[in-house]
Amino acid sequence: MVHQFKFRRKFWLAEPLGQQIALQITNPAPLLIPVPLHPQRRLWRSFNQSTLLARAIADITGSQCQPDTIRRTRNTKVQRQLSRQERKRNLRRAFILKAKALPDHVAIVDDVVTTGSTVAELTRLLLRHGVKQVDIYCICYTPPAK
């Protein structure tokens, strides 16, 4: 389902996938921040799957979805083909915060977390700007091949 959603443009899957995530959330963050795509990748793909998921989750939890809270400043390499170390280097200083004020508790929404490099970089950015608690909402965790 995740592959169909992300690579086969089956947007309608955002709702059932978001429902499955929402069922696991006991204390929803008031603000959901989807992992941003670089504008070039967004144009190429034509949608951001994390934003679609975040909106579906927000509809269920009553949270606010703010896709423009963080901006990706560099068109980084696709993480899928990179090692753990390469992923960390690839994402260094790749994001900036655009929001002026944030609540103490936010959640980052991503489709798939593998090494956690992307959400770790975003979490560091949010903590540096005063957020106290960052949750990660994702469809699945896929550990890297050994």
Side-chain angles (χ1 to χ4, degrees), residues 1-99 102-103 105-127 129 131 133-146:
M1 280 180 72
V2 174
H3 193 270
Q4 293 293 311
F5 172 55
K6 187 171 181 174
F7 299 110
R8 301 281 187 228
R9 303 172 51 86
K10 298 205 175 176
F11 305 128
W12 61 270
L13 288 171
E15 190 174 324
L17 291 169
Q19 286 173 351
Q20 289 303 308
I21 295 169
L23 287 172
Q24 307 304 312
I25 301 169
T26 56
N27 179 27
L31 178 63
L32 307 185
I33 303 170
V35 171
L37 293 177
H38 187 271
Q40 285 179 321
R41 186 157 307 143
R42 170 80 169 73
L43 186 62
W44 177 79
R45 186 175 284 165
S46 80
F47 72 103
N48 180 340
Q49 69 279 2
S50 296
T51 298
L52 296 178
L53 275 176
R55 287 183 177 142
I57 296 166
D59 285 347
I60 296 164
T61 62
S63 302
Q64 182 182 10
C65 173
Q66 278 188 352
D68 296 326
T69 301
I70 295 175
R71 185 173 60 128
R72 191 180 287 250
T73 58
R74 291 188 298 109
N75 193 9
T76 55
K77 294 177 186 173
V78 175
Q79 295 281 93
R80 208 171 338 130
Q81 276 85 32
L82 303 178
S83 71
R84 177 182 284 276
Q85 277 308 109
E86 290 170 327
R87 287 173 187 235
K88 285 181 181 178
R89 272 194 305 272
N90 188 39
L91 294 170
R92 232 174 255 137
R93 293 181 299 281
F95 302 102
I96 60 168
L97 187 69
K98 290 179 61 181
L102 295 168
H105 180 199
V106 302
I108 297 167
V109 180
D110 202 357
D111 57 342
V112 178
V113 172
T114 303
T115 64
S117 299
T118 303
V119 294
E121 187 68 22
L122 292 171
T123 298
R124 279 191 286 279
L125 176 66
L126 292 166
L127 293 175
H129 286 86
V131 173
Q133 179 180 340
V134 179
D135 297 341
I136 310 300
Y137 302 162
C138 65
I139 301 168
C140 59
Y141 167 70
T142 306
K146 297 198 187 237

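Computed from a predicted structure; not experimentally measured. The analysis underlying the following values was restricted to heavy atoms, covering all of them including side chains, and did not include hydrogens, waters or symmetry mates.
Residues P67 and C65 approach most closely at CD-O, 3.5 Å, considering heavy atoms. Between P34 and L32 the shortest heavy-atom distance is CD-O, 3.6 Å. Across all non-hydrogen atoms, the minimal contact from N27 to Y137 is O-OH, 4.1 Å. Heavy atoms only, all atoms of each residue included: Q49 and D111 are closest at NE2-OD2, 3.3 Å. Scanning all heavy atoms of the two residues, the minimum distance from K98 to D68 falls at CB-O, 3.5 Å.
For T69, the side-chain hydrogen bond (donor to acceptor under 3.5 Å, both in side chains) partners at least two apart in sequence or on another chain are Q66. Residues satisfying the side-chain hydrogen bond (donor to acceptor under 3.5 Å, both in side chains) test with H105, not counting sequence neighbours, are Q133, D135. For K10, the side-chain hydrogen bond (donor to acceptor under 3.5 Å, both in side chains) partners two or more places apart in sequence, or in a different chain, are Q4.
For the pair P28/I60, no side-chain contact is recorded, criterion being any heavy-atom separation below 4.5 Å from C-beta on. You'll find the side chain of I70 reaches within 4.5 Å of the side chain of L126, heavy atoms only. By the 4.5 Å heavy-atom criterion applied to side chains, L23 and Q20 are counted as neighbours. Side chains of V134 and L122 form no contact here, defined as non-hydrogen atoms less than 4.5 Å apart. When side chains are defined from C-beta on, H3 does not count as touching F5, because their heavy atoms never get closer than 4.5 Å.
With R71 contributing its side chain and I96 its backbone, the two residues share no donor-acceptor pair below 3.5 Å.
Distance check: C138 SG to L17 CG gives 11.5 Å after rounding to the nearest 0.5 Å. Interatomic distance, L97 CG to I33 CD1, rounded to the nearest 0.5 Å: 7.5 Å. To the nearest 0.5 Å, atom CD1 of residue I108 and atom CD1 of residue I136 are 4.0 Å apart.
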Table please: side-chain donor-acceptor pairs of residues 50-58 below 3.5 Å, with sequence neighbours left out.
| from | atom 1 | to | atom 2 | distance (Å) |
| --- | --- | --- | --- | --- |
| S50 | OG | D110 | OD1 | 3.4 |
| T51 | OG1 | N48 | ND2 | 3.4 |

